[in-house]
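Every chain is numbered from 1, with letters handed out A, B, ... down the list of sequences. The analysis underlying the following values was restricted to heavy atoms, covering all of them including side chains, and did not include hydrogens, waters or symmetry mates.
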Amino acid sequence: MSVRTRFAPSPTGYLHIGGVRTALFNWLLARQAGGQFILRIDDTDAQRNVAEALQPILDGFRWLGLDWDEGPEIGGPYEPYFQSERLSHYQAAAQQLLDSGHAYRDYSLPAEFAAERETAEKEKRDFVYSRKWMAETSEQAANFAAAGRSFVVRLKMPREGQCQFHDLIRGDVAFDWVREPDHVIQRGDGTCLYHLASVVDDHEYRITHVVRAIEHLSNTPRQIFIAQSLGYELPQYAHIPFVAEPGSKNKLSKRKIEQYLNNKEFKRLYQSGADIAAKVGVIPDPNSFNPVLVDFYRQIGFLPDAIINYLLLLGWSLDDKTENFSREEMLQHFSLDRVVKSEASFDPQKLLTFQGRYMNGLPLKQKAKLCLAFLQRAGLVADPVPCATGERVQQIVAAADDRIVMAGDILQFENFFVPDQQLQYEDKAFQKRLVTPPRAGELINEFNLVIAITPEFTAAALEIELKNFCETQGIELGDIIHALRVALTGSAAGFGMFDTMAILGRASCISRINRALDKLERAS
RNA sequence: GGCUCGUUGGACUUCUGGUGAGGUCGCUGGUUUCUCAAGCCAGACAGGUUGGGUUCGAAUCCCACACGAGCUGCCA
């Protein structure tokens with residue numbers, strides 16, 4: 001039998017990084033066995049517009065390259081794949097459980113049921129429901145109904161023995177049945193709840209491996225009870241640890257972003273994203289612009305492969321040293337028995353490291369193409385791209401080298417794309433490199449005369465020119481080069497000066513130096 | 001409170017009971033360079049600062065304790 005796995009997102013509009021890792025493990029397991037990976041939409045509780053809230057999730061999966069064989073937009077042999085459209089299946093299952101005596105109609109009022117539970121809690125004993133309002137015969141039901149009560153369907157859970165099962169990651173686990181309450185599987189209005197729906201769907205979709213986060217481990221006994229009562233064959237279970245917050249073992253949560261921003265590395269990641277967003281002119285949506293969510297990374301120019309590789313290693317390893325895995329290698333080596341049992345903290349810095357590795361492993365053309373998209377979004381490059389501009393972007397990307405970690409980082413070099421007269425100078429840099437040094441203005445002015453007539457305007461030729469210039473002036477390279485950098489780029493930091501000059505070209509260099517000299521004059 | 005799971009340097013991890021526990025990220029220092037990155041070299045930092053047991057020998061196996069997390073819904 002082929003391996004069939006699933007991931008079941010709720011249509012919330014956002015794809016959580018922890019969810020992606022769970023999906024990844026499912027995807028790998030199916031793909032490496034030549035099986036199927038299924039996307040099921042858990043929208044039993046959804047009031048909102050599902051289509052709208054689902055789109056970002058599907059987009060996220062596509063962007064990450066986690067393709068699904070059955071599910072939304074592509075259908076499949078066991079349609080539909082939306083739980084909201086499968087109510088009749090669940091109701092039939094609930095009826096079957098009722099008929100076989102594995103479930104009962106419960107006519108208690110929510111307050112009555114809660115009161116029993118609270119009493120038990122107060123007396124510090126396990127809560128075992130009295131089943132006082134249980135109706136097993138139609139007369140009992142009629143009596144309760146006559147009293148104006150309505151019912152929900154509850155599981156009639158065993159009260160003896162243990163639920164034992166084997167988990168592919170945790171090994172053998174056991175729960176006492178008596179501590180499993182009589183869970184509700186169907187509401188008064190006839191709609192059904194998650195546990196019933198999930199079990200029915202997993203069966204009807206022929207799911208062979210249920211791989212999901214550890215928080216579902218304690219839900220497993222009730223699901224096993226449902227499955228066995230319905231005569232289903234059990235899938236294999238594998239409960240993977242959740243992804244924890246940076247620097248803690250708490251579950252990573254999208255809502256705690258404010259708190260995470262106190263973490264230095266998380267903040268750094270967020271800030272680099274925010275800077276890019278600002279330059280692209282996007283006001284970040286606080287709901288989705290969040291490093292806990294995949295969309296954040298898409299917006300600022302991460303590579304899907306980097307994210308996937310990072311997430312793979314969050315809870316799984318091949319050996320003591322291998323870190324970089326292509327998709328093929330992942331598929332070849334992944335196995336559930338090397339998934340760790342303890343939770344792993346999300347480390348923004350390490351994710352950034354993977355991103356840098358992947359970005360700089362890219363051929364120049366591809367890297368430049370990714371960067372170009374950001375320049376266009378920032379309105380710095382026209383669409384269609386003029387040929388010369390494309391060249392220039394490539395030159396800049398090459399010169400910037402690994403200073404570009406995510407594609408949006410190209411915007412740190414935006415000054416190469418603004419007209420000379422609109423170049424912005426960083427005040428501090430201007431002060432330190434042009435105003436304060438006594439000869440700065442004089443030197444760049446002199447050098448400006450040199451570059452006006454230098455025959456060859458290439459990085460190599462300019463290096464010789466400038467070094468000669470320093471010699472005749474009796475100065476060190478450092479005495480002029482910083483002033484030059486600020487004059488030409490407005491910034492104190494950047495890539496090599498000779499590349500910078502060559503990329504800007506003679507005319508720009510001259511006019512930018514003149515502009516800096518004007519500003520310098522006005523400043524004094 | 002109960003149940004379940006977990007516990008190695010700041011983080012991710014490796015370690016059929018057997019030399020000073022290995023790798024990656026980060027950190028510190030040095031070095032290179034026109035700045036910033038990157039690079040190179042070196043360094044600090046670990047087995048729950050718990051108690052007991054098994055053993056010639058324990059991070060590894062067992063028990064206890066401590067700590068952490070998840071679950072304990074007419075949420076998923």
Taking the side chain of A/D320 as its heavy atoms from C-beta onward, which of B/C5, B/G22, B/G2 lies nearest to it? B/G22
Looking at B/U14, B/A37, B/A76, which one has an atom nearest to any side-chain atom of A/S317? B/U14
Pair assignment for B/C71, Watson-Crick or G-U wobble, requiring both distances under 3.5 Å: B/G2
Please confirm whether the shortest side-chain N or O distance from A/R117 to OP1 or OP2 of B/U72 is below 4.0 Å. no
Which nucleotide in B/U35, B/C75, B/C25 has an atom nearest any side-chain atom of A/R187: B/C75
For the C1' atoms, the ones on B/U60 and on B/C74, what distance do you get once it is rounded to whole angstrom? 47 Å
Using atom NE2 of A/H183 as one end and atom C1' of B/C71 as the other, report the distance to the nearest whole Å. 10 Å
Does A/R179 make a side-chain donor-acceptor contact with the base of B/C3, cut-off 3.5 Å? no
Which nucleotide, in any strand shown, forms a Watson-Crick or G-U wobble pair with B/A59, with both distances under 3.5 Å? none
So A/A174, base contact, sugar-phosphate only, or nothing? Heavy-atom distance under 4.0 Å. sugar-phosphate
When you measure from the side chain of A/A493, which nucleotide among B/C36, B/U14, B/A11 comes out closest? B/C36
Can you identify which nucleotide, out of B/U35, B/A76, B/C71, has its nearest atom closest to the A/H482 side chain? B/U35
Between A/D275 and A/Q271, is any side-chain donor less than 3.5 angstrom from a side-chain acceptor? yes
Using the P atom as the point on both nucleotides, what is the distance between B/G20 and B/A59, in whole Å? 11 Å
Reckon A/H239 touches a base, only the sugar-phosphate, or nothing at all at heavy-atom distances under 4.0 Å? nothing
For nucleotides B/C65 and B/G1, find the distance between their P atoms and express it as a whole number of Å. 14 Å
Which is more 5' along RNA chain B, the nucleotide nearest A/L217 or the one nearest A/E121? Just name the residue. A/E121
At 4.0 Å (heavy atoms only), tell me whether A/F175 reaches a base, stays on the sugar-phosphate, or touches nothing. sugar-phosphate
Is A/R40 reaching over with its side chain to a backbone N or O of A/R6, donor-acceptor style, under 3.5 angstrom? no
For A/G356, which contact category applies under a 4.0 Å heavy-atom criterion: base, sugar-phosphate, or nothing? nothing
From CD of A/E116 over to P of B/C74, roughly how many Å is that when rounded to an integer? 13 Å
Given B/C74, B/C34, B/U35, which nucleotide is nearest the side-chain atoms of A/V184? B/C74
Have a look at A/R40 and say if it touches a base, only the backbone sugar-phosphate, or nothing, with a 4.0 Å heavy-atom cut-off. nothing
Measuring to OP1 and OP2 of B/C12, would you say a side-chain N or O of A/K249 lies under 4.0 angstrom away? yes
Hey, are A/T220 and A/R212 close enough side-chain-wise for a donor-acceptor pair under 3.5 Å? yes
In terms of ring plane angle, is the pair A/Y297 and A/F302 parallel, tilted or perpendicular, where the classes change at 30° and 60°? perpendicular
Answer with base, sugar-phosphate or nothing: what part of the nucleic acid does A/F498 contact at a heavy-atom distance below 4.0 Å? base
Counting the atoms with a prime plus P, OP1 and OP2 as sugar-phosphate, which does A/R170 contact under 4.0 Å by heavy atoms, base, sugar-phosphate, or nothing? sugar-phosphate
Rounded to the nearest angstrom, tell me the gap between atom CZ in A/F242 and atom P in B/C12. 12 Å
With a non-hydrogen cut-off below 4.0 angstrom, is A/E343 in contact with a base, only sugar-phosphate, or nothing? sugar-phosphate
Going by distance alone, is a donor N or O of one side chain under 3.5 Å from an acceptor N or O of the other, for A/D201 and A/Y81? no
What is the distance, rounded to the nearest whole Å, between atom CG of A/D347 and atom P of B/A11? 10 Å
Determine the contact category for A/G478: base if any of its heavy atoms lies under 4.0 Å from a base atom, sugar-phosphate if only primed atoms, P, OP1 or OP2 are that close, otherwise nothing. nothing
Is A/R159 atom CZ crowded by more than 12 heavy atoms from other residues, nucleotides or ligands, each under 6.0 Å away? yes
Roughly how many Å apart are B/A66 and B/C41, using the C1' atom of each and rounding to a whole number? 43 Å
Nearest whole Å is fine: how far is B/U35 P from A/D402 CG? 16 Å
Say you pick atom P in B/C62 and the same atom in B/A44; how far apart are they, in whole Å? 34 Å
Out of B/C71, B/A76, B/G26, which nucleotide sits closest to the side chain of A/K251? B/C71
Sidechain N-carboxylate O distance under 4.0 Å for A/K156, A/D182: no
Distance check, P atoms only: B/G39 and B/U24, in whole angstrom units. 12 Å
Expressed as a whole number of angstroms, how long is the span from A/L352:CG to B/A38:P? 11 Å
Answer for the Watson-Crick or wobble partner of B/A64, both distances under 3.5 Å, is B/U50
Closest nucleotide among B/C12, B/C74, B/G2 to the A/D126 side chain: B/G2
Paired with B/G43: which nucleotide, if any, by Watson-Crick or G-U wobble criteria at under 3.5 Å for both distances? B/C27
Rounded to whole Å, please give me the gap between CD in A/Q186 and P in B/C75. 13 Å
With a non-hydrogen cut-off below 4.0 angstrom, is A/N250 in contact with a base, only sugar-phosphate, or nothing? sugar-phosphate
Categorize A/V340 for me: base, sugar-phosphate, or nothing, with a 4.0 angstrom heavy-atom threshold over every strand shown. sugar-phosphate
Looking at A/Y107 and A/M134, would you say the former's side chain and the latter's main chain have a donor-acceptor pair under 3.5 Å? no
Could you tell me how far B/G26 sits from B/A38 if I compare only their P atoms? Round to whole Å. 8 Å
Minimum-distance nucleotide to A/K321 side chain [options: B/C25, B/C71, B/G23]: B/G23
With sugar-phosphate meaning primed atoms plus P, OP1 and OP2, does A/R357 contact a base, only sugar-phosphate, or nothing at under 4.0 Å between heavy atoms? sugar-phosphate
Can you check the distance between B/G10 and B/G52, where both ends of the measurement are the P atom (answer in whole Å)? 25 Å
Result for 5'-nearest mapping on RNA chain B, choosing between A/D182 and A/W316, is A/W316
Option passing side-chain hydrogen bond (donor to acceptor under 3.5 Å, both in side chains) with A/K350 (candidates A/E265, A/Q355, A/E323): A/E323
Could you give me the CA-CA distance, side-chain angles and deciding distance for A/I444 and A/L520, then say whether side-chain contact (heavy atoms from CB on, under 4.5 Å) is met? CA-CA 11 Å; A/I444 61 168; A/L520 189 56; 5.6 Å; no
By nearest atom, which of the nucleotides B/G70, B/A37, B/C15 is closest to the A/R338 side chain? B/C15
Just checking A/A344: base, sugar-phosphate only, or nothing, at a heavy-atom cut-off of under 4.0 Å? sugar-phosphate
For atom CZ of A/F354 and atom P of B/C12, their distance in whole Å: 14 Å
